[in-house]
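Read through the structure below, which is laid out as structure tokens, and then see the notes.
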Amino acid sequence: MTRTLAIFGAGPVLGMATARRFGREGFRVALVARTARTLDGLVADLAEEGIEAAGFTADVYDREQIAAAVEAITERFGQLDAVAFNPGGGSMGEGIAPALDVTPENLQLILDRFLLSGVALVRAVLPAMEARGDGAILFTAGQSGLHPTPFLGNAGMAQAALRNYFHNLNAALADKGVYVGAVNVGALIEGSVPHRALTATPLDFEPEVISPEVFAEHFWDLYAKRDRAEALVGSFGK
């Protein structure tokens, strides 16, 4: 039976690299993002490479739209065998506050983006996976959840909470056939919005830049081996 990967927060960089990596293993791919025009182009590119894909329009920060997308993908493909939560960070620095500038308001924004949306996705897909005794939930996480970084004050708080969550899920579901894990981003992803922004700005340091294909390979490795809850790629910001 052909398996289905759903990528929530699908974009042309990490999302497409992950779609291609799983597609090479015979997965069909459901791409979820806010803009239909973007999705149409990504689906067409995958089709040219022989990967079956379909686009589903939803705001991955909106809990009701997440649930609706899960329902639509299930109706189209039958079931979700693997789910990748890749919410991104918006434009460079959007909503990110350093430790001394964290407020309840800007923390709530980041918690909604990185943590609560992820919890909503888990709630939408986990019951069916538990019932089958099979499935995987993969998170794109950040290094600031492992290594506190002052300029990522509110983001680090959300990432630390997310890390606690996916580790607990991994342990609680270990004997139920459902895998949960995360790839922690510790470098700039080549071609991403942050990478393009920093490339256009004179810097007094050389940031580490890693190809999205490297991150995608780590996602596949976690999915295939299921022997650990996370991987860290890069060391930017330590």
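Note that the structure is a prediction, hence the values are computed from the model and not measured. What you see below is based on every heavy atom in this structure, not just the backbone, and it leaves out hydrogens, waters and symmetry mates. Along the sequence shown, residues carry numbers from 1.
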* Structure fact -> Residues passing the side chain to side chain donor-acceptor pair (under 3.5 Å) test with T18, sequence neighbours excluded, are none
* **Side-chain donor/acceptor of S117 to backbone N/O of L115, under 3.5 Å** => no
* Establish whether L146 and L188 are linked, either directly or via other cluster members, by ILVMFWY side-chain heavy-atom contacts under 4.5 Å. => no
* Residues in salt bridge (Lys or Arg N to Asp or Glu O under 4.0 Å) with D134, at least two apart? -> R3
* Atom pair CZ/CZ of F219 and F22 - distance to nearest 0.5 Å -> 8.0 Å
* hydrophobic_cluster_shared for V214 and I7, side chain cutoff 4.5 Å -> yes
* Please round to the nearest 0.5 Å and tell me the distance separating atom OG1 of T4 and atom CG of L80. => 6.5 Å
Show every donor-acceptor pair shorter than 3.5 Å between a side-chain atom in residues 150-160 and any protein atom, with sequence neighbours excluded, or say none if there are none.
unit_1: N154; atom_1: OD1; unit_2: A97; atom_2: N; d: 2.9
unit_1: N154; atom_1: ND2; unit_2: G95; atom_2: O; d: 2.9
unit_1: N154; atom_1: ND2; unit_2: N106; atom_2: O; d: 3.2
unit_1: N154; atom_1: ND2; unit_2: N106; atom_2: OD1; d: 3.4
unit_1: Q159; atom_1: OE1; unit_2: G142; atom_2: N; d: 2.8

* Asked: Can you name the nearest heavy-atom pair linking A69 to F8, along with the distance?
  -> CB-CE2, 3.9 Å
* Structure fact -> In short, side chain to side chain donor-acceptor pair (under 3.5 Å) pairs touching residues 35-54 with sequence neighbours left out are R20-E49
Would you give me the side-chain donor-acceptor pairs under 3.5 Å for residues 224-232, sequence neighbours excluded?
unit_1: K225; atom_1: NZ; unit_2: D221; atom_2: OD1; d: 3.1
unit_1: R226; atom_1: NE; unit_2: Y223; atom_2: O; d: 3.0
unit_1: R226; atom_1: NH1; unit_2: G135; atom_2: O; d: 3.3
unit_1: R228; atom_1: NH1; unit_2: D221; atom_2: OD2; d: 3.4
unit_1: R228; atom_1: NH2; unit_2: D221; atom_2: OD2; d: 2.9
unit_1: E230; atom_1: OE1; unit_2: R163; atom_2: NE; d: 3.0
unit_1: E230; atom_1: OE1; unit_2: N184; atom_2: ND2; d: 2.7
unit_1: E230; atom_1: OE2; unit_2: R163; atom_2: NE; d: 3.0
unit_1: E230; atom_1: OE2; unit_2: R163; atom_2: NH2; d: 2.5
unit_1: E230; atom_1: OE2; unit_2: H167; atom_2: NE2; d: 2.8

Residues 71-79, side-chain donor-acceptor partners within the protein, below 3.5 Å, at least two apart:
unit_1: T74; atom_1: OG1; unit_2: V70; atom_2: O; d: 2.8
unit_1: Q79; atom_1: NE2; unit_2: D81; atom_2: OD1; d: 2.5

* Heavy-atom neighbours of R24 CZ exceed 12 at 6.0 Å -> yes
